[in-house]
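Report on the following structure.
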Amino acid sequence: MTTTSEDSILSLSSLASAPALESLLVLLFEPSTALRNLLVPSVLLRLTARSEPPASYNELIDICQEVSSDWTWDEKAEFISGHPMIGEVKGLSKLSGKEQGNSTVTPKVVLDRLAHLNELYCTIYPDLRYITFVNGRSRAAIIPEFESILNLPLSPQPLPDDFPTAQPPLDSEEVKSRVKLPESEEWKKECERGLGDVWLIGRARLRGLGLQ
């Protein structure tokens, strides 16, 4: 695969091949099997059917968003799962690490709470991964939103060091009663919310790179 760095952005007129298109979309949306096997072929089909390249990078994201509307729910969930979980500190791309605040030290209690919330989310919403448009917020600032999505009581802010981060327990009846199956409207609504935030992240990355 062709690699693209923040300092070497492919021009819109050069995206008529799968490797070139993939290298740019990886920068905007993170590398994943779903991006390579699902998003790239779908977008490339649209691009090669046009007489002119997209007028802007934001239009390219518009095309990505349009093709995703034809995906199955399984395909949407697979693509969302290509993004790292909130609170991860290892194996992040440069842009993802910057978005998640890797340049500053995150307290252990915050990382532990986020790790448990991620586990809760994946239990309550099977096959989905929690994605949110961070928009410059710290990891600690994401916790209230995360808890609200899961309909949990809000933790005190800032989190005290002795906060019981593993509540509620994964195997509790409280958690089991909240599980949303993929065929439910609640699961589908959350899937669409997460996918929408992926596009917001891509557009924010464009702005950060000085592109439109």
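We number each residue from 1, following the sequence as shown.
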What closest approach, in Å, do [X] and [Y] show between heavy atoms, and which atom pair accounts for it?
X	Y	result
G194	I80	C-CD1, 4.1 Å
L47	L15	CD1-O, 3.8 Å
V26	R205	O-NH1, 4.5 Å
L195	S68	CD2-OG, 3.8 Å
S81	R129	O-NH1, 3.1 Å
P168	E174	CB-OE1, 3.5 Å

Evaluate the side-chain contact (heavy atoms from CB on, under 4.5 Å) criterion for residues R137 and T132: first the C-alpha distance (whole Å), next the side-chain angles of each, then the deciding distance (0.1 Å), finally the verdict. CA-CA 11 Å; R137 292 174 293 172; T132 188; 3.5 Å; yes
Quick one: [atom1] on [X] to [atom2] on [Y], what's the gap to the nearest 0.5 Å?
X	Y	atom1	atom2	value
S13	E52	OG	CD	10.0 Å
C191	K188	SG	NZ	10.0 Å
L35	C64	CG	SG	8.0 Å
T106	D112	OG1	CG	11.5 Å
E78	L39	CD	CG	11.5 Å
I143	T165	CD1	OG1	9.5 Å

Using the rule side-chain contact (heavy atoms from CB on, under 4.5 Å), only one of E88, E119, R139, M85 pairs with L114; which is it?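 Of the listed options, the one satisfying the test is R139.
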Decide yes or no for [X] and [Y]: does some side-chain heavy atom of the first lie under 4.5 Å from some side-chain heavy atom of the second?
X	Y	result
V179	P126	yes
T123	L120	no
E30	F79	no
R203	D62	yes
I63	R50	yes
I124	K180	yes

Evaluate side-chain contact (heavy atoms from CB on, under 4.5 Å) for L27 paired with L209, printing each intermediate quantity in order. CA-CA 10 Å; L27 185 64; L209 295 168; 3.8 Å; yes
Out of the candidates Y121, Y125, Y130, only one should pair with E190 under the side-chain hydrogen bond (donor to acceptor under 3.5 Å, both in side chains) rule; please name it.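 Answer to the side-chain hydrogen bond (donor to acceptor under 3.5 Å, both in side chains) test with E190 among Y121, Y125, Y130: Y121.
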Do [Y] and [X] meet the salt-bridge criterion of a basic N to acidic O distance under 4.0 Å?
X	Y	answer
D127	K76	no
E186	R178	no
K176	E173	yes

Between E145 and I86, does the side-chain contact (heavy atoms from CB on, under 4.5 Å) criterion hold? Intermediate values first, please. CA-CA 12 Å; E145 175 191 300; I86 295 294; over 6 Å; no
Under 3.5 Å, sequence neighbours excluded: what are the donor-acceptor pairs made by side chains of residues 148-164?
| unit_1 | atom_1 | unit_2 | atom_2 | d |
| --- | --- | --- | --- | --- |
| S148 | OG | P144 | O | 2.9 |
| S155 | OG | E147 | OE1 | 3.4 |
| S155 | OG | E147 | OE2 | 2.3 |

More than 12 foreign heavy atoms under 6.0 Å from NZ of K108: is that the case here?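 Open: at most 12 neighbouring heavy atoms sit under 6.0 Å from NZ of K108.
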Can you check side-chain contact (heavy atoms from CB on, under 4.5 Å) on I201 and F29, steps first, answer last? CA-CA 8 Å; I201 292 167; F29 304 124; over 6 Å; no
Any donor and acceptor pair, going by atom type alone, linking the side chain of [X] with main-chain N or O of [Y] inside 3.5 Å?
X	Y	result
R193	I131	yes
R113	Q167	yes
H116	P169	no

Sequence neighbours excluded, which residues qualify as ring-ring contact (aromatic ring centres under 6.0 Å, His included) partners of W187?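 Result, ring-ring contact (aromatic ring centres under 6.0 Å, His included) vs W187: none returned.
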E66: partners by side chain to side chain donor-acceptor pair (under 3.5 Å), with sequence neighbours left out: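 Testing E66 for side chain to side chain donor-acceptor pair (under 3.5 Å), a comparison that skips the adjacent residues, returns R46.
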